[in-house]
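Down below is the structure, laid out as C-alpha cells.
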Amino acid sequence: MGEIRTGRFKRRRRDFEDDLAEQSNVQFHEEVDTSSTEQKEPLKAELDDPTELRLGNRIRLENDVPRANFEDLRRISRQEYLSKREERQVLLLQAELQDFEWEIEQIGWDRLTTKEQQEYKFKKEIFSTIQERWEIEQDMETHYMLPDDYFTEDGKIDKKRKQDTLHSKYNDTAVVDWEADQMRKAVKADTRVPEKEYEFVFDSSQAVEFVSDPVDVERERLEELIAEEEERIKTIDETRKSLPVYQYRDELIKAVQEHQVLIVVGETGSGKTTQLPQYLHEAGFTKDGKKIGCTQPRRVAAMSVATRVADEIGTAVGDKVGYTIRFEDRTSERTILKYMTDGMLLREFLTDPELLSYSAIMIDEAHERTLSTDVLLGLLKDIVAYRPDFKLLISSATMNAQKFSDFFDGAPIFNIPGRRYPVDIFYTSQPEANCLHAAITTVFQIHLQQDPGDILVFLTGQDEIESMADNLAETCLKLGDQIPELVICPIYANLPSDQQRLIFEPTPEGARKVVLATNIAETSLTIDGIVYVVDTGFVKENVFNPSTGMESLEVKPCSKASADQRAGRAGRLGPGKCYRLYTKWAYLNELAANPTPEILRSSLASVVLLLLSLGITDLLNFDFIDKPAPDTLIKALELIYALGGLNENGELTKVGRRMAEFPTEPMMAKTLLTSSELHCCQAVLSVVAMLQEAGSIFYRPRERKEQADKARQQFVQTLGGDHLTLLDVWTKFVENGHSVQWCRDNYVQYKSLLRVRSIREQLERMCERMGLLDNETDLEHDRLVVGVMKSVVAGFFVNAAQLSKTGDAYRTMKKNQAVWIHPSSVLFGLKPPPKLLIYNELVLTSKEFMRTCIPVHEKWLREYAPHYYSDK
DNA sequence: GAGCACTGC
C-alpha cells in the first residue's frame with residue numbers, strides 16, 4: 001500500500017511541476033514579446049509587477065489542482081519580492097503536504113507508516129519555518145532600521161542603497177545560502193553528510209530520492225530539533241507556572257473582571273511584567289481585536305520583556321507580541337501584546353486620545369514616577385471614567401501602592417510576593433564625616449574579611465567615582481601581594497561604552513571585583529555576582545527653578561525607597577550584605593520615603609503643550625497624582641504663549657499644534673519651524689539634534705585633557721558660538737563617514753553622535769512631512785550662519801543675556817539676573833566679549849552659568865520677539 | 001577656568 005501511495009505522490013508531483021514550468025514559459029514569452037530579450041528580464045518584470053505574478057499563479061493553480069488551498073497560495077504569491085525560484089520550491093512542498101493531508105483524511109494518520117509520518121512532520125516543519133521567515137521579512141521591509149552607512153554625503157537617506165540591501169538576499173545565491181544555513185544549523189553536529197545532499201529540500205529532483213532513502217541522518221537530526229523545541233516549550237510552561245504570580249492567576253483575572261482599576265504590588269522576581277499581560281490575553285481581553293499595552297520607563301526593559309514574552313508565546317517579536325520605543329517600532333497589525341516606553345504611549349494620545357485600540361493598559365514600575373508616567377496616570381483616569389470597557393493595571397512597589405489606590409478612588413490593591421534572597425543590612429554606629437573615605441575603608445574590610453563575592457558601591461557622580469577609583473588603586477599598589485587582587489570597575493552613564501562593558505567581564509579566579517557606580521546600577525543595569533553593596537546614601541538630583549528657569553544638580557540624601565532598591569542589588573543570585581554608611585536612625589528619620597517625583601522638579605513646557613493639544617485647557621485643575629506648583633504651570637503657559645503657540649483666548653494656534661508634534665522642547669520646535677522660513681532647515685536640524693546631546697559630545701578624560709582640548713579647537717566657530725561649533729562637529733562626522741575611528745581621534749563621543757543621527761533622522765522626517773524642507777536653498781556660508789542664528793533667536797529669545805556695563809558678567813534681558821558664560825563654552829574668555837548672546841540652558845553650580853551660547857544681534861530680538869521685548 | 005545623577009519623546 002505504501003508503494004502505491006508513494007507512486008501516486010510522485011506522479012502528482014510531476015504534474016504539478018509541469019504546470020509550474022508551463023506557467024513560467026507563458027510568462028517568459030509574454031515578456032519577450034513586449035520588452036527585453038534577456039532571459040532574466042521577465043523575472044525582474046514579474047518582481048516589479050506583483051499583480052502579474054498573482055494573476056498568473058492563481059489561474060493556473062485553480063484550474064489544474066483543484067484541492068490546493070488557494071487563499072494560501074495567493075497570499076504566498078503576494079509576496080512579490082520573493083524570487084521565482086524559492087517560491088517554486090515552496091509551492092511544490094505545499095502541494096506535497098496537501099497530498100499527504102488528503103491521504104491522512106482518507107485512511108487516517110495511524111495507518112501511515114512511521115516513515116511516512118516522519119516525512120510529513122518533517123516537511124510540515126520546514127514549510128512553517130519558511131512561512132514564519134516570510135512574515136518576519138515582511139516586517140523587516142516596513143520596520144527596517146537603516147544601518148550606519150545608508151546615507152548620502154549630504155545626510156539624506158540613500159534609498160537605492162537601502163533597497164538594494166533589502167533585496168539583495170533574494171539573489172539566487174543568497175537564497176541558496178539561506179537554505180544551506182538553515183540546514184547547516186539542523187545538522188550542525190554531523191559532518192558525515194556532504195553539504196550538497198541536504199539542499200534536497202528545495203531541489204525537487206533530489207527530494208524524491210531522499211524520501212525513499214532508508215538511511216536518513218538529517219531527518220533524525222531534525223526530529224531531534226523538533227523534540228528539543230517541544231522540550232523547550234514544556235520548560236517555558238514550567239517556568240511560567242513556577243513564577244510567584246502564577247498561583248494568583250485566576251484570582252487576578254477575576255479581580256480585573258470585577259474592577260476597572262487594579263493596583264498590583266509585585267516585588268522584583270514575581271513575574272508580573274511578563275505574565276499579567278498574558279493572563280489578560282488568555283482571559284479574552286484581546287478578543288475584540290483590541291490590544292493590551294504595557295508601559296516601561298526604559299527602552300531596554302520594553303525590548304527585553306517583549307522578546308521574552310514573544311518567546312513564551314512562541315511568536316516572533318513584532319508578530320503577536322511587539323514593542324515600540326523611540327526610533328524603533330516592532331509591532332504589526334497582528335500585535336496584541338504591546339510593550340512600550342511610557343513616553344511612547346503618551347505620544348499615542350496625539351493620534352488616539354481615547355486609546356480605542358487598547359482594551360487594557362498596564363503601567364509598570366509606576367512607583368518610579370517618571371514625568372511620562374505621571375501625565376499618563378492623569379490622562380488614563382479620564383479614560384477609565386468614560387470607557388467602562390477599559391481596564392487599567394498599575395504596578396507599583398509596596399511603598400506607593402496606597403497612594404495610587406487613593407488616586408484611583410480606592411482601587412483594590414493586589415499583593416504578589418516576590419522572590420528574592422535575604423540581604424543583611426548593616427548601619428554605621430555614628431554618622432560618617434567623610435563618606436568617600438568610609439566607603440574606601442569598607443571596601444577593604446569586605447575584601448579582607450568576607451567570603452568571595454563582588455562589591456557594588458553607590459556614589460553620586462563621575463568625580464567621586466574617579467577619585468575613589470584612584471584611591472583604591474593606589475592603596476592596592478602599596479599593599480601589593482599582601483592582599484588578593486581587586487579589580488576596580490567604574491560605571492556611569494557618560495562613560496564610553498567600551499569601558500562600560502568592563503563591568504560585565506567575569507572576575508578572575510581569586511580576585512574580587514569592586515564596581516563603583518552612580519544610580520545607573522540602581523535600576524538601569526544589573527550586574528551578576530554582586531554579593532556586597534556599599535551605600536553612601538546620597539544622590540544627585542536635578543532641580544528646576546521655574547521662576548529663574550535655572551537648573552541645578554544637587555547632592556541630596558537618597559530616599560528610603562532608593563536605599564532599599566540599592567540593598568536589593570546584593571540579593572539577586574543569593575543571600576547578600578548591604579553596608580549603609582549612615583546610621584539606622586538616619587535611615588528611619590532623615591530619609592524621605594520616596595524620591596521627589598520628576599513632575600515636581602522639571603520644566604513643564606512640553607507637558608503643558610501636549611495637554612493643550614489634547615484639548616485640556618484647565619491645567620491648574622488637571623488631575624495630577626502630585627500637583628506641580630501653579631507657578632511652574634503658569635510659566636509653561638507663558639512660554640508657549642510667547643512662542644506663538646497660544647492666542648489671546650488661550651487657544652492653541654497652528655504653530656502651537658505643530659510644536660506639539662515635535663518630540664522636543666517647544667523652544668527647539670519653534671527654532672525648527674522658523675528655520676524653514678529662513679531656508680536653512682537642514683542646518684538647523686543638525687544644530688537642534690546636536691543640542692539634545694550637547695553635554696556629552698566632547699570626550700575629555702582626566703589624563704588627556706590637553707589633547708582633548710586641542711582636538712576640540714578645530715571645530716571652534718568663535719563667531720557662531722557653541723551652536724555652530726556643534727554644527728561643525730556634526731558636518732565633519734558626516735564627512736568622515738560616521739567613523740568610529742574619527743571620533744576616537746578627535747575626542748568626540750561616538751555613542752552620542754549616533755543618538756544625534758537618530759534624532760536628526762526622526763526630526764527630518766517630520767519636517768519633510770510638514771513641508772518645512774520645501775523652502776530649502778543652497779545658502780552661502782555667511783548667510784547660513786545668520787539663518788541659524790535667527791532661527792535660534794526665534795525659539796530661544798527668552799534666554800537672551802547682555803553684557804553688563806562693567807563688562808565682567810552678563811544680565812538676563814528679562815529678569816536682569818547676573819549670569820556668566822560657562823567655561824566649557826567657546827565664547828568663554830573671548831576678547832572682546834559678545835555684547836548679546838542667547839544661551840541654551842542656565843545651570844547653577846559654583847556660579848549661575850550659561851551653558852551652550854550663541855552670539856546674536858539686538859535687531860534680531862526686535863525682529864523675532866517684539867512682543868516679548870516691547871519696552872526695550 | 002568649571003565639572004553633567006538618570007531617563008524619555
Side-chain angles (χ1 to χ4, degrees), chain A residues 295-302 324-329 340-350 365 368-376 458-467 491-495 517-525 536 538-543 551-556 558 562 565 595-599 601-602 605-607 609-610 659-666 668-669 689 692-702 705 709 749 752 755 758-759 762-763 766 820-825 827-830 841 843-852:
Chain A
T295 68
Q296 293 293 320
R298 277 167 298 278
R299 294 162 51 92
V300 261
T324 303
I325 54 179
R326 191 182 187 182
F327 312 131
E328 202 183 343
D329 181 10
M340 65 199 121
T341 44
D342 46 12
M344 262 304 181
L345 184 60
L346 204 51
R347 285 268 135 192
E348 263 191 44
F349 270 87
L350 284 176
E365 316 283 356
E368 287 193 27
R369 305 287 308 274
T370 67
L371 188 54
S372 303
T373 294
D374 271 18
V375 180
L376 276 175
F458 281 100
L459 298 160
T460 59
Q462 181 178 349
D463 221 36
E464 273 187 19
I465 288 174
E466 279 173 355
S467 56
I491 178 89
Y492 45 90
N494 248 343
L495 193 73
T518 59
N519 44 8
I520 191 173
E522 208 174 283
T523 48
S524 303
L525 53 89
T536 56
F538 288 101
V539 255
K540 271 188 189 170
E541 206 178 70
N542 200 356
V543 182
E551 285 175 83
S552 55
L553 208 54
E554 290 169 13
V555 177
K556 290 175 54 179
C558 72
S562 285
Q565 176 72 22
T596 318
E598 214 183 339
I599 199 157
R601 49 185 179 86
S602 346
S606 290
V607 168
L609 186 57
L610 181 90
M659 286 196 298
E661 275 191 56
F662 280 103
T664 60
E665 286 290 308
M668 295 280 184
Q692 316 284 314
E693 296 287 320
S696 53
I697 295 293
F698 296 105
Y699 175 52
R700 201 163 175 262
R702 283 218 284 199
K705 274 185 193 166
D709 289 346
Q749 299 236 46
S752 306
R755 272 198 296 266
S758 304
I759 295 168
Q762 186 191 28
L763 296 177
M766 302 187 78
W820 286 264
I821 295 178
H822 195 276
S824 67
S825 169
L827 300 178
F828 181 82
L830 197 69
E841 51 184 356
V843 289
L844 176 67
T845 52
S846 57
K847 253 183 184 178
E848 290 82 354
F849 282 117
M850 302 178 281
R851 213 151 46 187
T852 322

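Proteins come first, then strands; the chains are lettered A, B, ... in the order of their sequence lines, and each starts at number 1.
Within 4.0 Å of Ser846(A), counting heavy atoms only, lie sugar-phosphate atoms of the nucleic acid but no base atom. When heavy atoms are screened at a 4.0 angstrom cut-off, Ile759(A) is found touching no nucleic acid atom at all. Looking at heavy-atom distances under 4.0 Å, Ser372(A) makes no contact with the nucleic acid at all. Note on Gln462(A): only backbone sugar-phosphate atoms sit closer than 4.0 angstrom, heavy atoms only; bases stay farther off. Backbone-only contact: Asn519(A) has heavy atoms under 4.0 Å from sugar-phosphate atoms and none from a base. Residue contacts for Lys705(A): at a heavy-atom cut-off of 4.0 Å it reaches a base atom on one of the strands shown. If you check every strand for non-hydrogen atoms under 4.0 Å, Arg299(A) touches sugar and phosphate atoms only. Residue Phe828(A) is classed as a sugar-phosphate contact, given heavy-atom separations below 4.0 Å to backbone atoms only. Looking at heavy-atom distances under 4.0 Å, Arg298(A) makes contact with sugar-phosphate atoms alone, never a base. The residue Leu553(A) sits close to a base: some heavy atom pair falls under 4.0 Å. Within 4.0 Å of Gly461(A), counting heavy atoms only, lie sugar-phosphate atoms of the nucleic acid but no base atom.
Across the protein-nucleic acid pair, Leu345(A) atom CG and dT7(B) atom P stand 21 Å apart, rounded to whole Å. Atom pair Leu609(A):CG and dC9(B):C1' shows a separation of 13 Å (rounding to whole Å applied). As rounded to whole Å, 14 Å separates atom P of dT7(B) from atom OH of Tyr492(A). Distance CE (Met850(A)) to P (dC4(B)): 17 Å, rounded to an integer number of Å. For Asp342(A) and dC6(B), the CG to P distance is 18 Å, given to the nearest whole Å. The interatomic distance linking Leu371(A) (CG) with dT7(B) (C1') rounds to 10 Å, in whole Å. Note: CG (Leu610(A)) to P (dG8(B)) measures 18 Å, nearest angstrom. Look at CD on Glu328(A): it is 13 Å from P on dG8(B), rounded to the nearest Å.
In terms of position on DNA chain B, the residue among Gln692(A) and Arg700(A) whose nearest nucleotide sits closer to the 5' end is Arg700(A).
Counting only heavy atoms from C-beta on, Ala493(A) has its side chain closest to dC6(B) among dA2(B), dC9(B), dC6(B). Closest to the side chain of Ser824(A), out of dA5(B), dG8(B), dC4(B), is dC4(B). If you check dA2(B), dG8(B), dC6(B) against the side chain of Ile520(A), the one that comes closest is dC6(B). Minimum atom distance to the side chain of Ser524(A) is reached by dT7(B), of the listed dG1(B), dC4(B), dT7(B).
Residue Thr341(A) has a polar side-chain atom (N or O) positioned under 4.0 Å from OP1 or OP2 of dC9(B).
Within 6.0 Å of the CG atom in Asp463(A), the count of heavy atoms belonging to other residues, nucleotides or ligands does not exceed 12.
In this structure, Arg601(A) does not pair ionically with Glu554(A), as no charged nitrogen and carboxylate oxygen lie closer than 4.0 Å.
In this model, no side-chain donor or acceptor of Arg851(A) finds a partner on the base of dA2(B) within 3.5 Å.
Counting only heavy atoms from C-beta outward, the side chains of Tyr492(A) and Glu464(A) never approach each other to under 4.5 Å.
By the side chain to side chain donor-acceptor pair (under 3.5 Å) test, Asn542(A) is found to be paired with Glu551(A), residues two or more places apart in sequence or in another chain being considered. For Asn519(A), there are no side chain to side chain donor-acceptor pair (under 3.5 Å) partners, not counting sequence neighbours.
Considering CG of Asp342(A) and CD of Glu365(A), their distance stands at 10.5 Å, rounded to 0.5 Å.
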